[in-house]
Protein chains: 2
Amino acid sequence: MSFFDIKNVLIAKKNIYKKLNHTPIIKSFFFSKLLNFNLYLKLESFQKTGSFKVRGVLNKLNYISDIEKNNGVVSLSAGNHAQALAWAASEKGIKSTIIMPYTASKDKIKSTKYYGGNIILTKNNMLEECMRVMKKNNLTLIHPFDDDHVIYGQGTIGLEIFEYLKKIEYVIIGVGGGGLISGISSVLKTLNPKIKIIGVEPINSNVISKSLISNKPEFLSSNITIADGLAAPFAGNITLKYIKKFVDKVVCVKESEIKNSLKQIIKNEKLIVEPAAAATIAALVYDKISIPKKSNVLCLMCGSNIDTEFLKKLL
Amino acid sequence: MSFFDIKNVLIAKKNIYKKLNHTPIIKSFFFSKLLNFNLYLKLESFQKTGSFKVRGVLNKLNYISDIEKNNGVVSLSAGNHAQALAWAASEKGIKSTIIMPYTASKDKIKSTKYYGGNIILTKNNMLEECMRVMKKNNLTLIHPFDDDHVIYGQGTIGLEIFEYLKKIEYVIIGVGGGGLISGISSVLKTLNPKIKIIGVEPINSNVISKSLISNKPEFLSSNITIADGLAAPFAGNITLKYIKKFVDKVVCVKESEIKNSLKQIIKNEKLIVEPAAAATIAALVYDKISIPKKSNVLCLMCGSNIDTEFLKKLL
């Protein structure tokens with residue numbers, strides 16, 4: 001028997017759909033023509049707090065005790081998990097503390113505060129800082145990705161994709177720490193083992209590719225990328241187990257490729273997404289994956305939290 | 001018996017769904033909270049050519065003869081109908097000529113050309129110019145709104161709204177010449193007469209409001225508005241008949257109100273829409289309509305064809 005049981009994702013669905021909505025899928029006229037696929041976009045960019053992260057967090061908060069809720073939760077994030085945790089914790093009356101890098105986007109810091117999060121900006125190792133704060137204040141860690149309940153929450157996206165597009169053949173997903181791709185791939189491979197799941201990392205932040213080679217969770221000393229949503233400084237034990245079992249391939253894209261694809265999405269699809277989402281399109285546009293023409297391909301638009309000044313420059 | 005038969009919209013659906021997709025509806029977290037409604041957005045902004053116009057045009061082109069197809073079609077438009085007609089005609093191998101005002105957005109002119117339209121820019125009265133070109137070259141007029149087959153095409157949006165959101169109580173729609181609101185209101189009132197349909201005009205371009213007062217189709221000598229998608233210089237006999245029968249109220253919004261609401265949509269919903277779409281939100285934000293709190297309200301995001309330079313300034 002597998003370590004993964006889809007029942008847990010169905011339970012997550014019940015847990016989170018009281019507060020969240022499923023997100024739409026559209027066919028991209030522009031990229032379908034450009035790439036000669038039937039190219040679909042899952043618009044998780046319209047999710048509450050602007051990214052998929054809120055699904056996993058909201059599910060996870062159902063599995064901590066009242067004492068833990070009372071003491072508060074803590075995590076580390078460059079921004080999307082921060083906003084998601086701040087919002088979801090506030091919804092449940094829980095105090096949240098989030099360690100963010102001092103280089104984090106101003107817009108993401110502002111939103112996290114708006115949702116009620118207590119932010120600690122750090123120049124130090126984020127994970128170490130998070131552990132220090134957690135122990136000092138007796139907080140409960142809500143891991144950004146390496147947690148089964150978080151993965152089940154992200155897996156609800158897999159249910160939505162399959163429900164809407166049973167004919168889908170390839171699903172392309174951005175990879176940071178791997179929580180999103182773990183959730184979606186485990187669900188889709190369970191529902192139809194023929195669906196191919198491709199992960200995409202920025203070449204500047206490729207901790208999963210490295211971990212797959214060494215066969216253990218690696219750490220990165222540096223991982224600067226415009227796709228901050230994919231900038232995980234380390235891989236997880238749990239996500240690595242999921243990825244090895246359910247993901248067909250992980251490919252890498254360059255910064256310039258992400259940026260060019262992001263421009264194309266905004267200008268031609270009239271869709272505001274963040275660079276992490278554009279990485280999936282970049283993998284197709286810059287031929288990192290061999291997919292037969294006319295295939296039914298879905299790219300996950302994982303979030304919309306793009307810095308306003310950066311967006312202006314792209315237009 | 002009514003002059004309207006929903007069967008014609010079901011036929012239009014069959015005619016157009018070979019080439020077009022239905023568009024998604026999302027719940028707006030931001031505006032639901034701000035306005036205390038359950039506020040939904042119909043994202044027709046993701047429609048092919050960037051607006052709803054293509055539905056009506058594509059349906060209409062099924063009802064002209066082979067000789068008419070061979071001679072070519074003509075119309076007048078500030079931009080959205082121009083792009084829609086250019087694309088739909090090209091898809092069917094028909095030559096299209098479109099009279100556009102010399103003040104039309106550069107982006108819209110560029111797109112119309114890209115889709116294969118032959119553009120004539122004019123400083124003169126657009127309707128007179130269109131009639132002149134039509135007669136001279138023996139072309140067939142594809143009216144931007146005052147045509148039953150065009151209205152049936154736009155009505156397919158009504159089918160999609162009802163299918164997705166049976167509980168909807170109020171539908172808010174931007175009004176130019178009235179083709180869109182005629183199509184949607186006739187369908188929704190037929191399916192559920194309790195649904196309230198509210199039209200929104202820019203106060204600077206309020207030809208339908210004026211026509212409803214005088215009870216005949218009026219002309220405007222001037223109608224400059226940032227919501228160029230709603231800038232019809234005249235009302236139609238057919239649309240006026242629909243509006244009088246199926247629309248509950250038409251309200252007006254100011255330019256500043258449209259602009260402020262547009263900013264809010266782009267920044268908070270991460271949605272690129274054109275000012276014509278924002279007029280619907282403005283009518284709610286600036287209290288032009290009395291709607292009970294907690295109501296299920298849908299605003300139609302009719303298009304995404306916003307000028308890039310204007311978009312940059314809004315960010």
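Letters go in sequence order (proteins before strands), and every chain restarts at 1.
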Original post:
Rounded to the nearest 0.5 Å, how far apart are CZ of B:Phe29 and CG of A:Leu20?
Top reply: 6.0 Å
Subject >> Side-chain heavy-atom pair A:Ile266, B:Ile272 within 4.5 angstrom cut-off >> reply: yes
Original post:
Does B:Tyr17 OH have over 12 foreign heavy atoms under 6.0 Å away?
Top reply: yes
Subject >> Residue pairs passing the side-chain hydrogen bond (donor to acceptor under 3.5 Å, both in side chains) test where at least one lies in residues 302-315 of chain A, sequence neighbours excluded >> reply: A:Asn80-A:Asn305, A:Ser105-A:Asp307, A:Asp107-A:Thr308
Original post:
Near B:Lys95 NZ, under 6.0 Å, is it more than 12 heavy atoms from other residues, nucleotides or ligands?
Top reply: no
**OP:** Check whether B:Leu271 gets within reach of chain A through its side chain, its backbone, both or neither, counting any heavy atom under 4.5 Å.
**Re:** both
Subject >> Residues of residues 41-54 of chain B within contact distance of chain A, non-hydrogen under 4.5 Å >> reply: B:Leu43, B:Phe46, B:Gln47, B:Lys48
Subject >> Among B:Ile26, B:Thr23, B:Val273, residue most engaged with chain A (heavy-atom pairs, under 4.5 Å) >> reply: B:Ile26
Original post:
Around atom NZ of A:Lys259, are there more than 12 heavy atoms of other residues, nucleotides or ligands at under 6.0 Å?
Top reply: no
Original post:
Should the heavy atoms of other residues, nucleotides or ligands under 6.0 Å from NZ of B:Lys293 be counted, would the total exceed 12?
Top reply: yes
**OP:** Identify, with sequence neighbours excluded, every residue that meets salt bridge (Lys or Arg N to Asp or Glu O under 4.0 Å) alongside B:Glu163.
**Re:** none
Original post:
Does A:Tyr152 have any ring-ring contact (aromatic ring centres under 6.0 Å, His included) partners at least two apart in sequence or in another chain, and if so, which?
Top reply: A:His149
